[in-house]
Amino acid sequence: TNDSKHTISNVEMASNGKKIVVLISGSGTNLQAIIDAIESGKIPEAKVVKVISNKGDAFGLERAKKHNIPSQVFPLKPFLDSGKSREDFNVSLADEVNKEGADLVVLAGWMLILSPKFLDRVKAPVINLHPALPGQFAGTHSIERAFEAFQLGEIQHTGVMVHKVIPEIDAGETIISEVVPIHKTDSLGDLETRIHQTEHKILVEAVRKLLSQ
């Protein structure tokens, strides 16, 4: 069918296309958004060349397999168990990314903090998706914290941003951000769904923007 030909042409993207390495820890819905955008042409002349997960049971690895994308499980625990440090892990992870000749590294639900050594060693820009607006709710449980703040009347809305990764958590230069409304009738689940939908959209926009520069 035409569909299968189209998919193969994306899998066999010309070697001069832009190369993306995606780091995940979980279900990989944002990875899927990138894959879908490449296959539909929304992110032109690009290819996910590797998916790296720090967890062996991350469903995102299945998504990579389904689209014939090489993947690798790269957990922290074996480093610590063998007497190596988190820095050793960060250096080795950076070397794995550099092997792929990446033009862009996307943290798409990657749950480990990356050290300055990783950021210094990786040759490509590193971007992260964070479910809050710049300067708000850095770190973990951002959606829950925003929902609670709304209930207390402290904020009227929340948002999502894609930013460049620097050593300070969720504080790098913002590439794209978008406000996400919170409604009085929302459950936490309603807000999570709305935020995830926005994440998928702006992550694709940010990847396209950076690769076109």
Side-chain angles (χ1 to χ4, degrees), residues 20-37 42-43 48 51-64 74-76 86 93 104-115 118-119 125-210:
I20 305 167
V21 172
V22 182
L23 273 54
I24 64 167
S25 296
S27 67
T29 55
N30 288 305
L31 165 65
Q32 189 70 54
I34 294 171
I35 294 169
D36 291 346
K42 280 184 184 171
I43 300 175
V48 178
V51 173
I52 300 175
S53 173
N54 67 307
K55 295 188 174 179
D57 61 353
F59 186 70
L61 294 168
E62 294 298 318
R63 296 178 191 274
F74 202 86
L76 172 63
R86 277 181 173 263
L93 180 61
L104 182 66
V105 180
V106 180
L107 309 186
W110 174 261
M111 297 307 290
L112 293 177
I113 294 169
L114 296 170
S115 74
F118 174 88
L119 297 171
V126 182
I127 64 171
N128 181 51
L129 183 67
H130 184 64
L133 290 171
Q136 293 187 351
F137 308 113
T140 58
H141 305 298
S142 304
I143 303 174
E144 292 94 327
R145 286 155 59 205
F147 188 68
E148 284 173 13
F150 176 80
Q151 306 286 15
L152 294 169
E154 295 169 356
I155 59 171
Q156 301 304 310
H157 56 255
T158 184
V160 177
M161 68 169 170
V162 179
H163 65 93
K164 291 191 174 172
V165 178
I166 62 171
E168 190 182 343
I169 294 173
D170 301 325
E173 175 197 344
T174 303
I175 299 154
I176 295 179
S177 64
E178 186 164 317
V179 168
V180 174
I182 310 175
H183 306 306
K184 286 180 181 172
T185 53
D186 277 349
S187 66
L188 178 58
D190 293 333
L191 180 58
E192 285 173 339
T193 299
R194 196 174 303 122
I195 281 183
H196 293 322
Q197 288 168 343
T198 308
E199 283 178 342
H200 301 160
K201 184 179 78 166
I202 74 162
L203 181 58
V204 167
E205 288 173 11
V207 169
R208 187 173 60 197
K209 180 178 177 182
L210 286 172

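Quick caveat, the model's predicted, so the values are computed rather than measured.
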Measuring from [X]:[atom1] to [Y]:[atom2], what's the distance to the nearest 0.5 Å?
{"X": "Leu119", "Y": "Ile166", "atom1": "CG", "atom2": "CD1", "result": "9.0 Å"}
{"X": "Phe74", "Y": "Leu112", "atom1": "CZ", "atom2": "CG", "result": "11.0 Å"}
{"X": "Asp186", "Y": "Arg194", "atom1": "CG", "atom2": "CZ", "result": "4.0 Å"}
{"X": "Glu178", "Y": "Glu205", "atom1": "CD", "atom2": "CD", "result": "6.5 Å"}
{"X": "Gln197", "Y": "Ile202", "atom1": "CD", "atom2": "CD1", "result": "13.5 Å"}
{"X": "His163", "Y": "Asp170", "atom1": "NE2", "atom2": "CG", "result": "4.5 Å"}

Which heavy-atom pair separates [X] from [Y] by the least distance, and what is that distance?
{"X": "Gly139", "Y": "Ser142", "value": "O-OG, 3.1 Å"}
{"X": "Val204", "Y": "Ala33", "value": "CG2-O, 3.6 Å"}
{"X": "Ser177", "Y": "Leu133", "value": "CB-CD2, 4.3 Å"}
{"X": "Ser27", "Y": "Arg63", "value": "O-NE, 2.6 Å"}
{"X": "Asn54", "Y": "Ser25", "value": "OD1-OG, 2.5 Å"}
{"X": "Val51", "Y": "Ala64", "value": "CG2-CB, 3.9 Å"}

Can you establish whether the number of heavy atoms outside [X] located under 6.0 Å from its atom [atom1] is more than 12?
{"X": "Ile169", "atom1": "CD1", "value": "no"}
{"X": "His183", "atom1": "NE2", "value": "yes"}
{"X": "Gln156", "atom1": "CD", "value": "no"}
{"X": "Leu188", "atom1": "CG", "value": "yes"}
{"X": "Arg86", "atom1": "CZ", "value": "no"}

Indicate yes or no: at least one non-hydrogen side-chain atom of [X] is less than 4.5 angstrom from one of [Y].
{"X": "His196", "Y": "Ile143", "answer": "yes"}
{"X": "Pro131", "Y": "Glu199", "answer": "yes"}
{"X": "Val105", "Y": "Val165", "answer": "no"}

CA sep, side-chain torsions, deciding dist, call: His157, Val180, side-chain contact (heavy atoms from CB on, under 4.5 Å) = CA-CA 6 Å; His157 56 255; Val180 174; over 6 Å; no
request  = Applying side-chain contact (heavy atoms from CB on, under 4.5 Å) between Leu31 and each of Leu61, Val22, Leu23, report the one that passes.
outcome  =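 The option that passes is Val22.
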inquiry  = Testing Val160, Val106, Leu107 one by one against Leu129 for a side-chain contact (heavy atoms from CB on, under 4.5 Å), which residue passes?
reply    =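 Only one of Val160, Val106, Leu107 forms a side-chain contact (heavy atoms from CB on, under 4.5 Å) with Leu129, namely Val160.
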message = Within the 3.5 Å criterion, strictly below it, is a donor on Thr193 or Asp190 matched to an acceptor on the partner's side chain?
response =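 There is no such pair between these side chains.
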inquiry  = Test side-chain contact (heavy atoms from CB on, under 4.5 Å) on Phe118 and Val126; report intermediate values, then the result.
reply    = CA-CA 10 Å; Phe118 174 88; Val126 182; 4.2 Å; yes
key: Side-chain donor or acceptor of Arg145 paired with backbone N/O of Ala138 under 3.5 Å   =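 Indeed, once roles are kept as given, a pair shorter than 3.5 Å links the two residues.
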request  = For Thr198 and Val179, run side-chain contact (heavy atoms from CB on, under 4.5 Å): C-alpha distance rounded to whole Å, both residues' side-chain angles, the deciding distance at 0.1 Å, then the answer.
outcome  = CA-CA 9 Å; Thr198 308; Val179 168; over 6 Å; no
